[in-house]
Enquirer: 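Input: one structure, supplied below.
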Amino acid sequence: MPSTEPRGPRQIWRAFQWSMAGLRAAWRHEASFRLEGYLFVIFFPLGLWLGHGPIEKAILCGSLLLVLSAELLNSAVEAIVDKASPEFHELAGRAKDMGSAAVLLLMFNVLLCWGLILWR
């Protein structure tokens, strides 16, 4: 349902609060997100240090952000699939597997970006 409420500081603040609630929920309930979060805390500063110039730094650090973003979306898909259909269904399993595959591809992207930039 589209929002008819005008956008302003209050709505922006609410959106920020909802986003933070989503991050807290992912941290609390998703072991994969926690693991990727720990790796992010290690590799993000490393990417800033190892990157030569703003483009390399953006690629090194941005590739890590993409993994976290995909993990959040994958967790959202899994949660809604489990809510809609708690029993096993082939399509539900396929949706979950595809979300997981998206995260895996972005992890390969991290390896590719870091490997190409740091291979000198």
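From a predicted model like this one, the values you see are computed outputs, not experimental measurements. Numbering starts at 1 and runs along the sequence shown.
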Enquirer: For Lys83 and Pro86, which heavy atoms make the closest approach, and how far apart are they?
Expert: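 That closest heavy-atom pairing would be O-CD, 4.2 Å.
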Enquirer: With distance as the sole test, does Arg7 use its side chain to make a donor-acceptor pair with the main-chain N or O of Ile12 at under 3.5 Å?
Expert: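 Looks like no, no N/O pair under 3.5 Å.
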Enquirer: Could you state the interatomic distance from CZ (Phe43) to CG (Leu60), rounded to the nearest 0.5 Å?
Expert: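 Taking CZ in Phe43 and CG in Leu60, the distance rounds to 11.0 Å.
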Enquirer: Can a salt bridge be assigned to the pair Arg34 and Glu30 using a cut-off of 4.0 Å between side-chain N and carboxylate O?
Expert: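 Salt bridge: no.
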Enquirer: For Phe33, I'd like to know if atom CZ has over 12 heavy atoms of other residues, nucleotides or ligands within 6.0 Å.
Expert: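 Counting neighbours around CZ of Phe33, more than 12 heavy atoms of other residues, nucleotides or ligands fall under 6.0 Å, so yes.
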Enquirer: Nearest 0.5 Å please: distance from the CD atom of Glu56 over to the CG atom of Leu116.
Expert: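 If we round to the nearest 0.5 Å, Glu56:CD and Leu116:CG are 10.5 Å apart.
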Enquirer: Walk me through it: do Val103 and Glu36 pass the test side-chain contact (heavy atoms from CB on, under 4.5 Å)?
Expert: CA-CA 11 Å; Val103 174; Glu36 292 156 0; 3.8 Å; yes
Enquirer: For residues Tyr38 and Trp27, establish whether the separation of their ring centroids is below 6.0 Å.
Expert: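 Yes, the ring centres sit under 6.0 Å apart.
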Enquirer: Rounded to the nearest 0.5 Å, how far apart are SG of Cys113 and CG of Leu118?
Expert: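 Going from SG on Cys113 over to CG on Leu118, the span is 10.5 Å.
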Enquirer: Under a 4.5 Å side-chain heavy-atom rule over Ile, Leu, Val, Met, Phe, Trp and Tyr, are Leu72 and Phe16 clustered together?
Expert: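 Same cluster.
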Enquirer: Is it possible for you to say whether Met107 and Val41 belong to one hydrophobic cluster, with membership spreading through side-chain heavy-atom contacts below 4.5 Å?
Expert: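 Per the 4.5 Å side-chain linkage, Met107 and Val41 are not co-clustered.
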Enquirer: Testing the 3.5 Å rule here: is there a donor-acceptor pair between the side chains of Ser69 and Glu71?
Expert: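 Note: Ser69 and Glu71 side chains miss the donor-acceptor criterion.
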Enquirer: Is there a continuous path of hydrophobic side-chain contacts, each under 4.5 Å between heavy atoms, that joins Phe108 to Leu64?
Expert: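 In one cluster with Phe108: Leu64, no.
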Enquirer: To the nearest 0.5 Å, what is the distance between CG on Asp97 and CG on Asn74?
Expert: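 Reported to 0.5 Å precision, the distance equals 9.5 Å.
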Enquirer: Could you state whether Leu112 and Leu105 fall into the same hydrophobic cluster, counting links through intermediate Ile, Leu, Val, Met, Phe, Trp or Tyr residues with side-chain heavy atoms under 4.5 angstrom apart?
Expert: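 No, it is not one cluster - the side chains of Leu112 and Leu105 are not joined through contacts under 4.5 Å.
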Enquirer: Are more than 12 heavy atoms from other residues, nucleotides or ligands located less than 6.0 Å from atom CG of Leu91?
Expert: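 Yes, enclosed.
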Enquirer: Would you say Ser100's side chain and Lys96's backbone share a donor-acceptor pair under 3.5 angstrom?
Expert: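 Side chain of Ser100 to backbone of Lys96: no pair is present.
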Enquirer: Checking side-chain contact (heavy atoms from CB on, under 4.5 Å) for the pair Trp114/Leu46: CA distance, chi angles, key distance, verdict?
Expert: CA-CA 11 Å; Trp114 282 69; Leu46 198 57; 4.3 Å; yes
Enquirer: I'd like to know if Leu50 and Ile59 are part of one continuous hydrophobic network [Ile/Leu/Val/Met/Phe/Trp/Tyr, side-chain heavy atoms within less than 4.5 Å].
Expert: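 Looking at the clustering, Leu50 is in the same group as Ile59.
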Enquirer: Let me confirm one number: the OG-CG distance from Ser63 to Leu68, rounded to the nearest 0.5 Å.
Expert: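 Atom-to-atom, Ser63:OG and Leu68:CG are 10.5 Å apart.
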Enquirer: Any chance you could lay out the side chain to side chain donor-acceptor pair (under 3.5 Å) test for Gln17 and Ser19, step after step, and finish with the verdict?
Expert: CA-CA 5 Å; Gln17 289 177 314; Ser19 296; over 6 Å; no
